[in-house]
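Labels below follow one simple rule: chain letters A, B, ... track the order of the sequence lines, proteins then strands, and each chain is numbered from 1. Bear in mind that the values here come from a model prediction, so they are computed numbers and not experimental data.
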Number of protein chains: 2
Amino acid sequence: MDQPDAFSARCPTRQILDRIADKWTVLLLGLLASRTMRFNELRRGVDGLSQKVLSQTLKSLERDGLVTRAAYPTVPVTVEYAITDLGRTLAATLEPLRLWAEGHMEAVEKARIDFDQRQQAAA
Amino acid sequence: MDQPDAFSARCPTRQILDRIADKWTVLLLGLLASRTMRFNELRRGVDGLSQKVLSQTLKSLERDGLVTRAAYPTVPVTVEYAITDLGRTLAATLEPLRLWAEGHMEAVEKARIDFDQRQQAAA
DNA sequence: CAGTATCCACGTCGATACTG
DNA sequence: CAGTATCGACGTGGATACTG
């Protein structure tokens, strides 16, 4: 049987990589790794994330077995999102990514300025 | 001064996260981590990646200081893409992501089947 | 070989309004 | 509170053709 290989477009791994290598996935799993949260709590936790995309992303994460959704018949309804064991293993590999972005922000911004100046000089 | 915070839409970190949490970035840096490669070599190495998107992505990676581009005036022209030290630190955090996708592919696919069946049963 | 330029189909996203 | 439905603007991406 074939080895999983993300470099091959036909491998299901490719599609999974596309889903997990996603800004919102990184941030949402980052939040849920610390504790269970409600829908609007997540919405407030991730600035700039619309209700529609949050809803879509959570549904994908649930379908992929990364989070669970629990609805309680209170009035109004209460819904709790929790990370699964599988999701926790992913969150552990995603956290360094967020930390890299935060830690190397200045280096990247400097590189951009240098690059843009070289472009300017060439033109 | 503000702490970098990817959860805030205004922080530059967010934009950087958006660029690095990308399928093609993961795969391209994965290839370049092992050795310097030519344009068409990268194209062949990443199945399903169009010439246009490869070109765009490489330009972004170069601008962000993650890869370097060296053109040699041969006929026809030879262009070598190499990873930088900064890029290497990112590649090191991206590789676990690709490995996670490859390693947990079956678990995710199983979760999807289960989820879809529950949806079916509910409808 | 290593791109760029152009066109267009497509999906994604935000905004808005509505519901149990 | 936690969504869904609809719409329209937008950008992304593929296919194709062309260039130094």
Peer 1: Could you tell me whether Val53(B) contacts a base, only the sugar-phosphate backbone, or nothing, with contacts defined as non-hydrogen atoms closer than 4.0 Å?
Peer 2: sugar-phosphate

Peer 1: For DNA chain C, whose closest nucleotide is more 5', that of Leu49(A) or that of Arg69(B)?
Peer 2: Arg69(B)

Peer 1: Flag the pair Arg118(B) and Asp114(B) as a salt bridge only when some basic side-chain nitrogen lies within less than 4.0 angstrom of an acidic carboxylate oxygen.
Peer 2: no

Peer 1: What is the separation between atom NZ on Lys52(A) and atom P on dA9(D), rounded to the nearest whole Å?
Peer 2: 14 Å

Peer 1: Look at all strands and tell whether Tyr81(A) reaches a base, only sugar-phosphate, or nothing, counting heavy atoms closer than 4.0 Å.
Peer 2: sugar-phosphate

Peer 1: State the pairing partner of dG20(D); accept Watson-Crick or G-U wobble contacts with both distances under 3.5 Å, and report none otherwise.
Peer 2: dC1(C)

Peer 1: Below 4.0 angstrom, N of the basic side chain to O of the carboxylate: do Asp116(B) and Arg112(B) qualify?
Peer 2: no

Peer 1: Could you tell me whether the phosphate oxygens of dC1(C), OP1 or OP2, come under 4.0 Å of any side-chain nitrogen or oxygen in Arg38(B)?
Peer 2: no

Peer 1: Within less than 4.0 Å of OP1 or OP2 of dG3(C), is there a side-chain N or O belonging to Ser55(B)?
Peer 2: no

Peer 1: May I ask you to evaluate whether Lys59(A) reaches the phosphate of dT4(D), defined as a side-chain N or O under 4.0 Å from OP1 or OP2?
Peer 2: yes

Peer 1: Expressed in angstrom and rounded to an integer, what is the separation of Glu80(A) atom CD from dA2(D) atom P?
Peer 2: 8 Å

Peer 1: Would you mind reading off the distance between Glu62(A) atom CD and dG3(D) atom P, rounded to a whole angstrom?
Peer 2: 9 Å

Peer 1: Please give, in whole Å, the distance from dA15(C) P to Arg43(A) CZ?
Peer 2: 9 Å

